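Before any comments, here is the structure.
The structure presented is a predicted model; accordingly, all values stated were derived computationally and were not measured.
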Amino acid sequence: MAIEVAHSKGSDPSTSPLGCVIVLEGKVIAAERNQTQELPDATAHAEMMAIRRACEGIGELELRGATLYSTLQPCGMCTMASIWSKVGRVVYGAGRADVHPMYFEAKHVDTLSFIGDAYRDDIEIEGGCLREECAELYYGPDADLPEEEQANL
């Protein structure tokens, strides 16, 4: 479903078509895509928008027991939002090595280790779910892109 949500933004990898779905007790409570350009809001990543909608929908600050599904490994900001909202599990498709570096922080912040080392020990992280299908949404790791087309530089 997160892949379908990402496709709702189109299929151009330059637009960072990310999709995120949050499920609680077997029910989808939020499904959002990246909306940074449309709003414009640098914090409007798919995961951030889904966390906002999920919390609004259930009327709670915490999403304990919920699973967040994302088409791409969450960035540092989205990782921290998952921690603070008390999401119980994060499942992502494509990882940092599967896509062009422009989709991540330039200094390679290892947010997954950060979670384990610094914060909660009750959050599960699972990467590689439908990895190939998710990676197809984005430019490949070796794509030769002009600098002006690289979103995070």
Side-chain angles (χ1 to χ4, degrees), residues 1-9 11 13 15-36 41-143 150-153:
M1 184 177 184
I3 293 171
E4 290 175 24
V5 171
H7 278 300
S8 73
K9 189 167 183 174
S11 58
T15 64
S16 298
L18 276 86
C20 181
V21 174
I22 298 179
V23 175
L24 179 63
E25 298 174 355
K27 180 182 174 192
V28 174
I29 59 171
E32 295 287 337
R33 61 178 174 76
N34 253 22
Q35 298 172 49
T36 53
D41 178 351
T43 69
H45 290 194
E47 299 92 340
M48 298 292 288
M49 298 302 293
I51 289 170
R52 288 177 188 147
R53 297 300 165 256
C55 290
E56 289 170 2
I58 66 169
E60 297 287 339
L61 177 65
E62 296 183 355
L63 298 170
R64 289 189 187 274
T67 299
L68 180 149
Y69 296 92
S70 181
T71 56
L72 187 61
Q73 179 181 330
C75 72
M77 174 180 65
C78 296
T79 299
M80 290 306 296
S82 297
I83 290 168
W84 288 111
S85 65
K86 308 288 192 290
V87 166
R89 184 170 170 234
V90 175
V91 178
Y92 65 88
R96 181 184 293 271
D98 301 317
V99 299
H100 193 275
M102 76 176 215
Y103 298 108
F104 288 94
E105 301 89 349
K107 295 284 185 184
H108 185 82
V109 176
D110 186 354
T111 56
L112 301 180
S113 290
F114 184 72
I115 293 169
D117 294 344
Y119 280 89
R120 297 177 35 211
D121 59 3
D122 65 339
I123 186 170
E124 290 180 48
I125 308 291
E126 179 184 334
C129 180
L130 300 174
R131 172 181 274 128
E132 291 178 18
E133 294 90 331
C134 289
E136 289 175 7
L137 294 165
Y138 313 105
Y139 289 119
D142 299 322
Q150 296 184 39
N152 289 337
L153 299 181

Gap between atom [atom2] of [Y] and atom [atom1] of [X] - 0.5 Å precision:
X   : Y   : atom1 : atom2 : value
C55 : K86 : SG    : NZ    : 10.5 Å
M80 : C75 : CE    : SG    : 11.5 Å
R33 : K9  : CZ    : NZ    : 6.0 Å
S85 : I22 : OG    : CD1   : 6.5 Å
T43 : R52 : OG1   : CZ    : 4.0 Å
I29 : R53 : CD1   : CZ    : 12.5 Å

Report the C-alpha distance between H7 and L137 in whole Å, list the side-chain angles of each, state the deciding distance to 0.1 Å, and finish with yes or no for side-chain contact (heavy atoms from CB on, under 4.5 Å).
CA-CA 8 Å; H7 278 300; L137 294 165; 3.6 Å; yes
Please tell me if the side chains of [X] and [Y] come closer than 4.5 Å, counting only heavy atoms from C-beta onward.
X    : Y    : result
C134 : I3   : yes
T71  : Y138 : yes
I58  : L63  : yes
L68  : C20  : yes
V87  : E47  : no
V90  : P74  : yes

Please find the pair of heavy atoms, one from [X] and one from [Y], that lie closest to each other, and give the distance.
X    : Y   : answer
A30  : A50 : CB-O, 3.3 Å
Y139 : P13 : N-CB, 3.5 Å
M77  : A42 : CE-O, 3.9 Å
A46  : L18 : CB-O, 3.8 Å
N34  : S16 : ND2-O, 3.3 Å

Please indicate whether E4 has more than 12 foreign heavy atoms, meaning atoms of other residues, nucleotides or ligands, lying under 6.0 Å from its CD.
no
Using the test salt bridge (charged side-chain N to carboxylate O under 4.0 Å, His left out), find all partners of E62 that sit at least two apart in sequence or belong to another chain.
R64
For residues 123-131, which side-chain donor-acceptor pairs fall under 3.5 Å, sequence neighbours excluded?
residue: E126; atom: OE1; partner: R89; partner atom: NH2; Å: 2.7
residue: R131; atom: NE; partner: D98; partner atom: OD2; Å: 2.9

